[in-house]
Amino acid sequence: MNTVTSKNIRILHTCEELKLWRAELKSAGNCLALVPTMGNLHEGHFTLVNHAKKEADAVLATLFINPLQFGPGEDFERYPRTFKTDVDGLESIGCTAVFAPSLEELFPNALATHTTIHVPILSELHCGASRPSHFDGVCTIVLKLFNIAQPDCAIFGLKDLQQFRIISNMVEDLAFDVRLISHPIIRAEDGLALSSRNGYLSEAERQRAPELYRTLRNLSAQILHGARDLRLIEASGCNRLAEHGFVVDYLHICDAQTLQRAETTERLLAILGAAWQGKTRLIDNIIFSKPTF
């Protein structure tokens, strides 16, 4: 159990502690914004917390590395655990409370027999095709956090646009009384989307990594200048990434709302990409409107 204490931020470790604290907020008429994270926080996370402070009287950030969203051979064991640094950062920007449960607190029984949530179709596309159980794990932990914390709203960054669309579908389908708020991607000066996993990159890989975003922008520019063969545009992007040392998982031009592969009739488009730079899997996306052809 982490033992960091502070006078300026409430640190909660058990579901019972969180429920009691939430009851205190409700009795005082205060609304709550939730910012779910797996820790190892960076400026993107802190931006979400600052956004949440404008939406609610109190902000709860969660620090929990969810094993259900890691597939076999993925980086669950080596995912950075930086609890004290995370709490210090959250305290410095005025986050109200942190929920940092143990694995046993949230999953007291075997993970293999735990009930999971599956959003069909969308969970099986893009990242879901190469990480088959990933979004089931995401939805399950988010649903559990919603049940325990009972937030009025929850803030999610759009770096994982597919994740936000899936959670939105889950909330609508299951009639959850929580308002979802999206926040634009936070990027480094060179365009790389901020991510906890960027710390895995070597110096040389970090120099090449922004090419993923530059490639997405290049593909959107082709479409905006009249290119019509979307599959050919995708292929050109894959070739460009390969030339910069990437191993491409996928690069898809989609309808920005449904995230289904687009044809030439969609007005609002999203380009989603996932690619490996060394041993680090990077994801990114860009949303844009195109003129009708």
Side-chain angles (χ1 to χ4, degrees), residues 42-44 47 74-75 122 124-131 134-135 156-166 182-293:
H42 51 68
E43 190 57 36
T47 300
E74 292 187 349
D75 58 342
L122 186 51
E124 298 146 21
L125 304 174
H126 315 306
C127 280
S130 54
R131 306 181 71 193
H134 170 67
F135 289 118
F156 295 89
L158 287 180
K159 182 173 73 70
D160 194 332
L161 177 62
Q162 184 179 8
Q163 174 180 277
F164 184 75
R165 294 284 188 259
I166 289 169
S182 63
H183 193 282
I185 298 171
I186 305 300
R187 300 184 181 278
E189 289 186 6
D190 59 8
L192 179 64
L194 297 189
S195 169
S196 297
R197 288 186 169 93
N198 290 350
Y200 296 157
L201 295 165
S202 69
E203 184 175 347
E205 290 164 353
R206 176 60 185 81
Q207 292 298 312
R208 293 191 294 268
E211 183 60 30
L212 177 57
Y213 179 51
R214 288 194 287 266
T215 297
L216 298 182
R217 293 184 62 183
N218 175 267
L219 301 193
S220 67
Q222 291 183 48
I223 294 170
L224 291 172
H225 284 89
R228 300 191 180 198
D229 189 333
L230 301 187
R231 304 294 84 84
L232 183 61
I233 296 169
E234 291 172 348
S236 73
C238 291
N239 291 336
R240 174 173 170 151
L241 288 173
E243 291 171 358
H244 287 82
F246 285 88
V247 177
V248 178
D249 183 349
Y250 65 84
L251 191 61
H252 293 159
I253 301 170
C254 305
D255 178 284
Q257 293 301 323
T258 67
L259 300 191
Q260 299 294 318
R261 299 289 288 280
E263 304 302 332
T264 58
T265 55
E266 285 78 2
R267 174 72 170 170
L268 185 64
L269 294 174
I271 307 178
L272 281 66
W276 294 85
Q277 186 61 236
K279 295 182 179 180
T280 305
R281 186 176 183 274
L282 303 174
I283 66 170
D284 205 344
N285 68 82
I286 187 170
I287 302 173
F288 63 102
S289 297
K290 71 174 181 64
T292 54
F293 297 140

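For the numbers below, each heavy atom of this structure counts, side chains included, while hydrogens, waters and symmetry mates do not. Predicted model, so just to flag it, every value in this text is computed and none were measured.
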Task: Approximate separation, where rounding is to 0.5 Å, of Leu219 CG and Arg214 CZ - done: 13.5 Å

TODO: Would you check if Ser220 and Ile271 make a side-chain contact, meaning some heavy-atom pair closer than 4.5 Å?
DONE: yes

Open item on the list: For Gln163 versus Phe156, what's the shortest heavy-atom pair and its separation?
Closed with: NE2-CD2, 4.3 Å

Open item on the list: Has Asn198 got a side-chain atom pairing as donor or acceptor with Ala193's backbone, closer than 3.5 angstrom?
Closed with: yes

- [ ] Look at the side chain of Arg208 and the backbone N and O of Phe246, then say whether any donor-acceptor pair between them is shorter than 3.5 Å.
- [x] no

Open item on the list: With side chain to side chain contact (heavy atoms under 4.5 Å, CB included) as the criterion, how do Tyr250 and Cys127 come out once you've worked through the C-alpha distance, each side chain's angles and the decisive distance to 0.1 Å?
Closed with: CA-CA 8 Å; Tyr250 65 84; Cys127 280; 3.0 Å; yes

- [ ] Using side chain to side chain contact (heavy atoms under 4.5 Å, CB included) as the criterion, point out the one residue from Ile286, Leu272, Ile185 that pairs with Leu161.
- [x] Leu272

TODO: Using a strict cut-off of less than 4.0 Å between a Lys/Arg side-chain nitrogen and an Asp/Glu carboxylate oxygen, indicate whether Asp190 and Arg206 qualify as a salt bridge.
DONE: yes

Open item on the list: How long is the straight-line distance from CG of Leu251 back to CG of Asp284, given to the nearest 0.5 Å?
Closed with: 10.5 Å

Open item on the list: Could you measure the distance from the NE2 atom of His42 to the CZ atom of Arg197? Nearest 0.5 Å is fine.
Closed with: 10.5 Å

Task: CG-CG distance between Leu192 and Leu212, expressed to the nearest 0.5 angstrom - done: 8.0 Å

Open item on the list: Nearest 0.5 Å, please: how far is CZ in Arg165 from CG in Leu122?
Closed with: 9.0 Å

TODO: Say whether, by atom type as modelled, one donor and one acceptor occur between the side chain of Asn285 and the main chain of Leu158 under 3.5 angstrom.
DONE: yes

Open item on the list: As a test of understanding, state which of His252, Gln162, Arg131 forms a side chain to side chain donor-acceptor pair (under 3.5 Å) with His126.
Closed with: His252

Task: Intermediate values then yes/no, side chain to side chain contact (heavy atoms under 4.5 Å, CB included), Leu230 and Ile223 - done: CA-CA 8 Å; Leu230 301 187; Ile223 294 170; 4.0 Å; yes

Open item on the list: A side-chain contact here means heavy atoms from C-beta on lying under 4.5 Å apart; do Lys159 and Ile283 qualify?
Closed with: yes

Task: Glu234 bridged to Arg231 by N-O distance under 4.0 Å - done: yes

Open item on the list: Nearest 0.5 angstrom please: Leu241 CG to Thr215 OG1, how far?
Closed with: 4.0 Å

TODO: Using a strict cut-off of less than 4.0 Å between a Lys/Arg side-chain nitrogen and an Asp/Glu carboxylate oxygen, indicate whether Glu243 and Arg240 qualify as a salt bridge.
DONE: no

Open item on the list: For a quick check under 3.5 Å, do Gln222 and Asn218 share a side-chain donor-acceptor pair by atom type?
Closed with: yes

Open item on the list: So which atom in Gly278 and which in Glu205 form the shortest heavy-atom distance, rounded to 0.1 Å?
Closed with: CA-OE2, 3.3 Å

- [ ] For Phe135 and Asp160, work out which heavy atoms get closest and say how close.
- [x] CE2-OD2, 4.1 Å

TODO: Kindly give the heavy-atom pair with the smallest separation between Leu194 and Ala188, and that separation in Å.
DONE: CD2-N, 3.7 Å

